[in-house]
Number of protein chains: 2
Amino acid sequence: MTEKDDFTLQDFLPFLLNRAAEESSLGFQRHYKDRYGMLRTEWRVLFHLGNYGQMTAKEIGERAKIHKTKISRAVAKLAEKRFVTRTRDESDRRAEHLTLTPAGQSAYRELRDVAQEFDAKLCRQFTTGEVAILRYMLRKLAGIGP
Amino acid sequence: MTEKDDFTLQDFLPFLLNRAAEESSLGFQRHYKDRYGMLRTEWRVLFHLGNYGQMTAKEIGERAKIHKTKISRAVAKLAEKRFVTRTRDESDRRAEHLTLTPAGQSAYRELRDVAQEFDAKLCRQFTTGEVAILRYMLRKLAGIGP
DNA sequence: GAATATTAGTTGTTTTTGTAACTAACAAGG
DNA sequence: CCTTGTTAGTTACAAAAACAACTAATATTC
């Protein structure tokens with residue numbers, strides 16, 4: 001069975017990437033899940049709004065490569081939680097601009113700080129150079145800008 | 001909004017890892033999906049059996065950190081496709097040993113070769129040293145072996 | 001060696017996701 | 001303008017994942 005297998009699943013990049021992603025997500029998940037009852041997409045939308053300010057659903061989707069139905073549902077949940085407000089664009093009444101409410105901003109700030117610390121903790125087990133290479137490679141693999 | 005934000009989502013490791021994982025999985029997915037109608041877990045189980053030989057569901061779950069219900073359903077599908085056979089362990093009749101049928105082995109070999117080539121293609125955009133660092137870091141992040 | 005606890009694997013139910021089809025608003029070409 | 005095409009976002013339905021409860025076999029303990 002293991003005749004000429006110099007190739008193991010443990011080395012297969014998509015597998016490794018998935019495992020690493022899952023493992024690293026788990027630790028952070030409980031913060032937005034337990035504390036705010038959020039789903040991953042909700043947190044990501046919150047994060048984008050907090051980070052880049054007012055955006056439309058479409059812009060968020062493009063930036064984070066999230067499908068529009070996921071965003072639509074996440075925004076609905078966030079609006080229900082009174083974390084975002086929606087305002088129609090008067091020059092193009094199909095689009096709506098999303099902004100964080102004060103409550104949303106405060107949740108964002110808290111989660112951003114946790115995320116920052118979490119990220120730092122992950123990085124601490126590597127050298128600065130290694131982390132730089134990792135980010136560079138992941139960005140390239142993810143097809144995210146320069 | 002963007003007051004003191006030196007921290008962007010695009011740099012957050014769990015996000016980057018997830019994006020890279022999703023992106024790289026997508027390219028490989030169509031091979032096992034289109035050609036064999038498999039799901040990701042099915043492919044992973046197939047791969048483990050092909051790679052390590054006879055295993056129990058529990059062993060696969062431990063090695064790949066897949067939940068037992070997912071494995072149970074994947075094995076059921078694979079058995080339905082006549083890719084694996086199950087044999088009860090006579091000394092512990094709760095467990096069953098899974099092995100690939102000839103058809104399963106041939107599917108495994110084909111997908112393994114595709115995976116190998118796919119992996120190589122992913123790596124080609126980086127230097128050998130970079131890839132080594134990436135694998136090392138991902139393994140560490142994933143909590144996989146040495 | 002009966003009562004209790006564990007373990008391997010399965011099944012059922014609920015959430016979440018993926019996909020397709022939809023509505024409403026806009027754009028362009030004739 | 002008015003048909004045709006496109007776009008932003010939603011909704012409905014199907015596929016998949018998560019979680020809990022289950023069965024059957026084995027260990028443990030008193």
Side-chain angles (χ1 to χ4, degrees), chain A residues 18-19 21-23 25-26 29-30 32-34 36-46 48-49 54-81 84-99, chain B residues 18-19 21-23 25-30 32-34 36-46 48-49 54-81 84-99:
Chain A
N18 264 289
R19 290 283 323 118
E22 235 167 88
E23 197 64 33
S25 293
L26 229 60
Q29 174 178 332
R30 57 189 188 78
Y32 57 79
K33 195 174 175 188
D34 294 359
Y36 292 105
M38 283 189 207
L39 251 35
R40 201 165 58 173
T41 308
E42 291 168 54
W43 167 71
R44 286 184 180 178
V45 167
L46 183 88
H48 268 78
L49 293 175
Q54 177 175 284
M55 290 179 93
T56 67
K58 196 204 171 197
E59 288 164 346
I60 297 176
E62 276 166 0
R63 181 107 56 167
K65 295 211 183 163
I66 306 176
H67 195 268
K68 59 181 182 172
T69 62
K70 264 171 142 181
I71 296 191
S72 173
R73 285 187 252 242
V75 169
K77 291 272 190 187
L78 288 172
E80 202 178 286
K81 292 190 181 78
V84 314
T85 53
R86 330 156 86 129
T87 41
R88 282 249 159 267
D89 180 329
E90 280 311 320
S91 73
D92 181 349
R93 300 172 37 68
R94 287 169 305 180
E96 54 187 15
H97 299 286
L98 306 167
T99 44
Chain B
N18 265 289
R19 287 285 322 119
E22 236 167 88
E23 197 65 32
S25 292
L26 228 59
F28 184 58
Q29 173 178 333
R30 58 189 187 77
Y32 57 79
K33 195 175 175 187
D34 294 359
Y36 293 105
M38 283 191 208
L39 252 33
R40 199 166 59 171
T41 308
E42 289 168 56
W43 166 72
R44 285 185 180 179
V45 168
L46 183 89
H48 273 258
L49 293 176
Q54 176 175 283
M55 291 179 94
T56 66
K58 196 203 172 198
E59 287 165 346
I60 297 176
E62 276 166 0
R63 182 108 54 167
K65 295 212 184 161
I66 305 175
H67 194 269
K68 59 181 181 172
T69 63
K70 265 170 141 181
I71 295 191
S72 174
R73 284 172 169 132
V75 169
K77 292 272 190 188
L78 289 172
E80 202 178 285
K81 290 190 180 79
V84 314
T85 53
R86 330 155 86 129
T87 41
R88 282 247 159 268
D89 180 331
E90 280 311 321
S91 72
D92 180 351
R93 301 172 35 69
R94 288 168 303 182
E96 53 186 16
H97 299 285
L98 307 166
T99 45

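The sequence lines fix the lettering, A, B, ..., with proteins before strands; numbering per chain opens at 1. Because the structure is a prediction, the values reported are computed rather than measured.
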Taken to the nearest whole Å, CD/A:Glu96 to C1'/D:dT7 is 14 Å

Of all heavy-atom pairs between B:Val84 and B:Val75, which one has the smallest distance, and what is that distance?
CG2-O, 4.2 Å

Nearest whole Å is fine: how far is C:dA8 C1' from B:Ile60 CD1?
13 Å

Given atom CZ of B:Arg44 and atom C1' of D:dA16, what is their separation to the nearest angstrom?
14 Å

Tell me every residue that passes salt bridge (charged side-chain N to carboxylate O under 4.0 Å, His left out) with A:Asp92, counting only those two or more places apart in sequence or in another chain.
A:Arg94

Rounded interatomic separation in angstrom, taking CD from B:Glu62 and C1' from C:dG9
13 Å

For B:Glu96, check salt bridge (charged side-chain N to carboxylate O under 4.0 Å, His left out) against everything at least two apart and list the hits.
B:Arg86, B:Arg88

Apply salt bridge (charged side-chain N to carboxylate O under 4.0 Å, His left out) to B:Glu80 and list each qualifying residue two or more places apart in sequence or on a separate chain.
none

In whole angstroms, how far is the C1' atom of C:dA8 from the CE atom of B:Met55?
15 Å

Separation of C:dT10 atom C1' from B:Lys58 atom NZ, nearest Å, is 17 Å

Interface with DNA chain C, restricted to residues 65-77 of chain B and to heavy atoms under 4.0 Å:
B:Lys68, B:Thr69, B:Ser72, B:Arg73

With sequence neighbours left out, what residues match B:Arg19 under salt bridge (charged side-chain N to carboxylate O under 4.0 Å, His left out)?
B:Glu22, B:Glu23

D:dT10, OP1 or OP2 - any side-chain N/O from A:Arg86 closer than 4.0 Å?
yes

In whole Å, I'd like the distance from the CG atom of B:Leu78 to the P atom of C:dG9.
15 Å

Kindly write out the residues that satisfy side chain to side chain contact (heavy atoms under 4.5 Å, CB included) with B:Ser72, not counting sequence neighbours, or none if the list is empty.
none

Parallel, tilted or perpendicular for B:Trp43 and B:Phe28, by the 30°/60° rule?
perpendicular

Looking across every strand, which nucleic acid part, if any, lies under 4.0 Å from A:Arg88 by heavy atom: base, sugar-phosphate, or nothing?
nothing

Using side chain to side chain contact (heavy atoms under 4.5 Å, CB included) as the criterion, list what pairs up with B:Thr87, not counting sequence neighbours.
B:His97

Quick note, salt bridge (charged side-chain N to carboxylate O under 4.0 Å, His left out) partners involving residues 61-76 of chain A, not counting sequence neighbours, are A:Lys58-A:Glu62

With DNA chain C as reference, determine whether B:Thr56 or A:Arg40 sits nearer its 5' end, using the nearest nucleotide of each.
B:Thr56

Review item, nucleotides 26-29 of chain D N/O atoms under 3.5 Å of protein N/O:
| unit_1 | atom_1 | unit_2 | atom_2 | d |
| --- | --- | --- | --- | --- |
| D:dT26 | OP1 | B:Arg93 | N | 2.9 |

